[in-house]
Amino acid sequence: MKTYRIAVIAGDGIGQEVIPAGIEVLKSAAKGSFQCEFTDFPWGSDFYLRTGRMLDADAFEQMHKFDAVYLGAIGDPRVPDHITAREMILPFRQQLRQYVNLRPMRLLTGIDSPLRGRTAADIDMVCVRENSEGEYCGIGGRLHRGTPDELAEQTGIFTRRGIERIARYAFTLAQGRPRRLLASATKSNAMQHSMVFWDEVVAEVAKDFPDVTYRKYHVDAIAARMVTHPQTLDVILATNLFGDILTDIGSAISGSLGVGPGGNINPERTTPSMFEPIHGSAPDIAGKGVANPIAAIWAGAMMLDHLGEKAAHDRILSAIERVIGSETVKTPDLGGKATTAEMTKAVLGAMGR
Ligand code: NAI
Ligand code: MG
């Protein structure tokens, strides 16, 4: 039987609650057709408080023997967020060449959008976010700290190779979706170097995809459009920073941060890709057993899809849709009273049917 080796980093806060839920569902989805072998890594904020590091020094080399990484969330009120993000999440994406951040944003039937009158037919987008360079490349520094001359510089890096490969991935994805629309988020009116370059390279790639309707929008305009006309958007191509912001809007209008999954993908498959819920560690509800496990479960399904197990992905997705659509079992973020365990049980039950 085919066996996939999965590195598991449950991480902090509700990561420790939703990842075990996801693993249960993955095991059930695999039953009879393939196997997942899970290896836990204790990295994250507790590890940092004990050792002074977010992860092992050779963490990335350790990852190479796995087929995929399943991540919960990283972030703890006791550790500054720039340490957790900069020492762990961003290096993972860069070192493992996961240059695509793929984030579906769908309003599932059974969830009320904060947008009045919107239904599942109106909100079905996916963001393809550049995940390795751009505004989050990490280049820059601070000078003359603590003096009146203090300064900080943070540089955005955009390469032809980086823009071209992310654009190509997004257009290919758009080509396979029924509406075949691609909206590129830019800001070339105000950023005359990087974003004009972005627009030029995206427009060149667009020529290879004549069957996809391509349009660019300034990021502020597309942010508004996601709220006022979400039904006009399909695939959204965005830089690292813009995609980060737009996907929070996308998951908010889809009803809850507790639902949206994400994949950090190396399409060339030379290193493992990493799948995670897009939400953080939610310290406000951590330890209470009420976190919505759907985002983590859906991220697990995306991982199976990436590994070539599309049928298992589809089984999980359809179970999620049936549970959310049933109006009976819902966690508090969706207006219900169910616990993480009850919601997970409901998904497992729906998969069995
Ligand atoms: P957050 O996503 O953890 O929480 C925002 C709000 O959404 C909270 O009210 C939370 O209770 C709720 N929420 C999130 N996920 C939920 C779920 N599954 N079920 C029910 N409710 C849910 O974002 P926040 O509060 O800004 O960040 C908390 C920590 O997480 C910070 O340290 C931050 O840096 C980190 N973070 C980590 C991310 C990652 O690991 N990729 C992503 C975003 C934030
Ligand atoms: Mg974010």
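Whatever order the structure lists them in is the order used to number ligands and atoms, beginning at 1. The structure presented is a predicted model; accordingly, all values stated were derived computationally and were not measured.
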Quiz prompt | Proximal candidate to atom 38 (C) of ligand 1 [heavy atom criterion; set P80, G260, G280, G13] | solution = G280
Practice problem: May I ask you to check whether G72 has an N/O atom sitting below 3.5 Å from an N/O atom of ligand 1? | Solution: no
Self-check item: Between N240 and R129: side-chain donor-acceptor atoms closer than 3.5 Å
Solution: yes
Quiz item: Is a side-chain donor-acceptor pair under 3.5 Å present for T247 with R103?
Solution: yes
Quiz item: So does D244 have any N/O/S atom less than 2.8 Å away from the Mg ion (ligand 2)?
Solution: yes
Quiz item: Is there a donor-acceptor contact under 3.5 Å linking the side chains of S273 and N266?
Solution: no
Quiz item: Can you list the ligand 1 atoms lying under 4.0 Å from a non-hydrogen atom of I89?
Solution: 39 (C), 40 (O), 41 (N)
Quiz item: Can you tell me if V259 has a non-hydrogen atom under 4.0 Å from ligand 1?
Solution: no
Quiz prompt | Protein heavy atom at shortest distance from atom 35 (C) of ligand 1 | solution = I74 O, 3.3 Å
Self-check item: Listed partners of R179 passing side-chain hydrogen bond (donor to acceptor under 3.5 Å, both in side chains), at least two apart
Solution: none
Quiz prompt | T328 and S326 side chains, donor-acceptor separation under 3.5 Å | solution = yes
Practice problem: To the nearest 0.5 angstrom, please state how far the CD1 atom of I163 sits from the CZ atom of F197. | Solution: 4.5 Å
Exercise. May I ask whether A295 places a heavy atom under 4.0 Å from ligand 1?
Key: no
Exercise. Report the nearest protein non-hydrogen atom to atom 30 (O) of ligand 1: residue, atom name, distance rounded to 0.1 Å.
Key: S281 N, 3.1 Å
Practice problem: Identify, for atom 6 (C) of ligand 1, the protein heavy atom at the shortest distance, and state residue, atom and that distance. | Solution: L257 CD1, 4.0 Å
Quiz item: Is D284 close to ligand 1, meaning an N/O of one under 3.5 Å from an N/O of the other?
Solution: yes
Quiz item: What residue and atom, counting heavy atoms only, is the protein's closest point to atom 28 (C) of ligand 1, and at what distance?
Solution: P283 CD, 3.6 Å
Quiz item: Out of curiosity, S28 OG to R315 CZ, how far, rounded to the nearest 0.5 Å?
Solution: 8.0 Å
Quiz item: Can you check whether a protein heavy atom sits less than 4.0 angstrom from atom 10 (C) of ligand 1?
Solution: yes
Quiz item: What distance do Y4 atom OH and F38 atom CZ have between them, rounded to the nearest 0.5 Å?
Solution: 12.0 Å
Practice problem: Could you find the nearest protein heavy atom to atom 13 (N) of ligand 1 and give me its residue, atom name and distance? | Solution: A282 CB, 4.2 Å
Quiz item: In ligand 1, which numbered atoms sit nearer than 4.0 Å to a non-hydrogen atom of A291?
Solution: 19 (N)
Exercise. May I ask you to decide if T339's main-chain N or O and E342's side chain share a donor-acceptor pair within less than 3.5 Å?
Key: yes
Quiz prompt | Within-cut-off N or O pair, N292 and ligand 1, under 3.5 Å | solution = yes
Self-check item: Heavy atom of protein inside 4.0 Å of atom 1 (P) of ligand 1, strictly below
Solution: yes
Exercise. Tell me which part of I14 gets within contact of ligand 1: side chain, backbone, both or neither, using heavy atoms under 4.0 Å.
Key: side chain
Quiz item: Among side-chain atoms of R225 and T232, is any donor-acceptor pair under 3.5 angstrom?
Solution: yes
Quiz item: Looking at CD of E200 and OG1 of T186, how far apart are the two atoms once the value is rounded to the nearest 0.5 Å?
Solution: 10.5 Å
Quiz item: Any luck finding a side-chain donor-acceptor pair between D149 and T147 under 3.5 Å?
Solution: no
Practice problem: Please work out which of the three classes, parallel, tilted or perpendicular, describes the rings of F41 and W43, given edges at 30° and 60°. | Solution: tilted
Quiz item: Do any non-hydrogen protein atoms sit less than 4.0 Å from atom 40 (O) of ligand 1?
Solution: yes
Exercise. Using protein heavy atoms only, decide if any is under 4.0 Å from atom 19 (N) of ligand 1.
Key: yes
Quiz item: Could you state the interatomic distance from CG (N292) to CD1 (I14), rounded to the nearest 0.5 Å?
Solution: 8.5 Å
Quiz item: Where the closest heavy atom to atom 21 (N) of ligand 1 is concerned, which of T331, I285, D248, I278 has it?
Solution: I285
Quiz item: Backbone or side chain, does any N or O of E276 fall under 3.5 Å from an N or O of ligand 1?
Solution: yes
Exercise. Flag G75 as yes when one of its N or O atoms lies below 3.5 Å from any N or O atom of ligand 1, and as no otherwise.
Key: no
Quiz prompt | ligand 1-proximal atoms of P77, by part, heavy-atom distance under 4.0 Å | solution = neither
Self-check item: Distance filter under 4.0 Å to A73 heavy atoms, resulting ligand 1 atoms
Solution: 40 (O)
Quiz item: In the protein, which heavy atom is nearest to atom 14 (C) of ligand 1, and how far is it?
Solution: H279 CB, 3.6 Å
Exercise. Check each atom of ligand 1 against the heavy atoms of D76 and keep those under 4.0 Å away; list them by number with element.
Key: 32 (O)
Self-check item: Taking atom 31 (C) of ligand 1 as the reference point, the nearest protein heavy atom with its distance
Solution: D81 OD1, 3.5 Å
Quiz item: Just how far is it from atom CG of L102 to atom CG of L173, taken to the nearest 0.5 Å?
Solution: 6.0 Å
Self-check item: Modelled atom types, side-chain donor and acceptor of E130 and S132, under 3.5 Å
Solution: yes
